[in-house]
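Here's the structure we're looking at; comments come further down.
Each chain gets a letter, A, B and so on, in the order its sequence line appears, and its residues count up from 1.
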Amino acid sequence: MDEFQSSEETAFVVDDITTIIKDAVETTIGNSSYQHNRINQWTSSVVESSLNQLTKLGKPFKYIVTCIILQKNGAGLHTASSCFWDNTMDGNCTVKWENKTMYCIVSVFGLAI
Amino acid sequence: MEEYHSGDEVPFNPDEASNHVKECIEGIIGGVDYNQNKVNQWTATIVEHSLTQLVKQGKPFKYIVNCAVMQKSGAGLHTANSCYWDTATDGSCTVRWENRTMYCVVSVFAVAVAV
């Protein structure tokens with residue numbers, strides 16, 4: 001495992017990032033029901049804490065984190081994203097989370113410097 | 001806004017990108033109602049066309065285009081994004097569009113590449 005250490009330090013590891021995001025979401029809205037007047041601070045808190053944890057990884061990446069929180073109301077929501085980047089070094093991952101009253105979708109894009 | 005750059009680095013122009021994206025959205029879902037069967041291909045087409053337009057500008061950027069289409073049915077939707085990048089050269093823009101039956105939110109993120 002040691003011989004590949006240098007490429008691991010510069011690779012976009014989806015599993016690590018998924019774990020970080022799930023923690024951030026659980027911590028912020030894990031036990032809550034949808035509340036219109038708190039949604040602002042929830043989305044901000046999810047992206048900020050995710051980004052903080054990601055930068056702590058110390059990898060040579062620029063990050064973009066987006067978070068969508070949608071009330072469970074029967075409405076249809078569809079999202080798509082398209083990226084023009086370096087396929088060998090850049091990557092993304094999306095985490096879908098839900099509880100009884102809302103859905104939360106967090107996407108992380110990592111672009112190698 | 002005086003932006004005189006003697007070097008090759010030009011910052012991202014959000015207004016121009018915004019216009020390209022608006023045109024794409026109008027062209028694809030301009031006069032139609034929310035249709036569950038078609039929303040899949042709408043979002044895909046919107047991001048692809050927007051990305052193609054942006055890349056055609058020939059600027060030294062990597063792009064990420066994100067599109068969310070939501071049916072108007074009274075549900076609350078909130079989105080946020082946070083970016084860790086070089087604030088001098090990188091940038092983003094978000095276009096919010098709506099018609100009678102749906103909302104469409106498109107975000108473009110542009111990250112400078114070393115030329």
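In terms of hydrophobic clustering, with Ile, Leu, Val, Met, Phe, Trp and Tyr side chains grouped at heavy-atom distances under 4.5 Å, B/L51 and B/V47 are assigned to a common cluster. Both B/L54 and B/W97 are part of a single hydrophobic cluster, where members link through side-chain heavy atoms under 4.5 Å apart. Two different hydrophobic clusters hold A/I20 and A/I105 under the rule that ILVMFWY side chains link at heavy-atom gaps under 4.5 Å. The cluster map of Ile, Leu, Val, Met, Phe, Trp and Tyr, joined by side-chain heavy atoms under 4.5 Å apart, puts A/I17 and B/I64 in different clusters. If you chain together hydrophobic residues whose side chains sit under 4.5 Å apart, A/V108 and B/V108 never meet in one group.
Chain B forms more heavy-atom pairs under 4.5 Å with one residue of A/A75, A/S44, A/C67 than with any other, namely A/C67. Most heavy-atom pairs under 4.5 Å with chain B, from the set A/I68, A/I64, A/L54: that is A/I64.
Near-neighbour residues of residues 21-40 of chain B relative to chain A, defined by a heavy atom under 4.5 Å from a heavy atom of that chain, comprise B/Y34, B/V39, B/N40. Of all residues spanning residues 68-77 of chain B, those with a heavy atom less than 4.5 Å away from chain A's heavy atoms are B/A68, B/V69, B/M70, B/Q71, B/S73, B/G74, B/A75, B/G76, B/L77, arranged by number.
Interface remark: A/Y103 contributes no atoms to any contact with chain B (heavy atom separation under 4.5 Å). In this structure, chain B has heavy atoms under 4.5 Å from both the backbone and the side chain of A/N40. In this structure, the portion of A/L51 lying under 4.5 Å from any heavy atom of chain B is its side chain and not its backbone. Contacts of A/H36 with chain B are absent, with no heavy-atom separation under 4.5 Å from either backbone or side chain.
Summarising the geometry, atom CG belonging to A/L111 is positioned 8.5 Å from atom CG belonging to B/D90; distances are rounded to the nearest 0.5 Å. Taken to the nearest 0.5 Å, the NE2 atom of B/H78 stands 14.0 Å off from the CZ atom of A/R38. From B/C83, atom SG reaches atom CZ of A/F109 across 10.0 Å, with rounding to the nearest 0.5 Å. The CZ atom of B/F109 lies 10.0 Å from the SG atom of A/C83; values are rounded to the nearest 0.5 Å. A distance of 8.5 Å separates OH in A/Y63 from OH in B/Y84, rounded to the nearest 0.5 Å.
Here the closest non-hydrogen pair linking A/A80 and B/N66 is O-OD1, 3.2 Å. Looking at every heavy atom in both residues, B/N81 comes nearest to A/T66 through CB-CG2, 3.5 Å.
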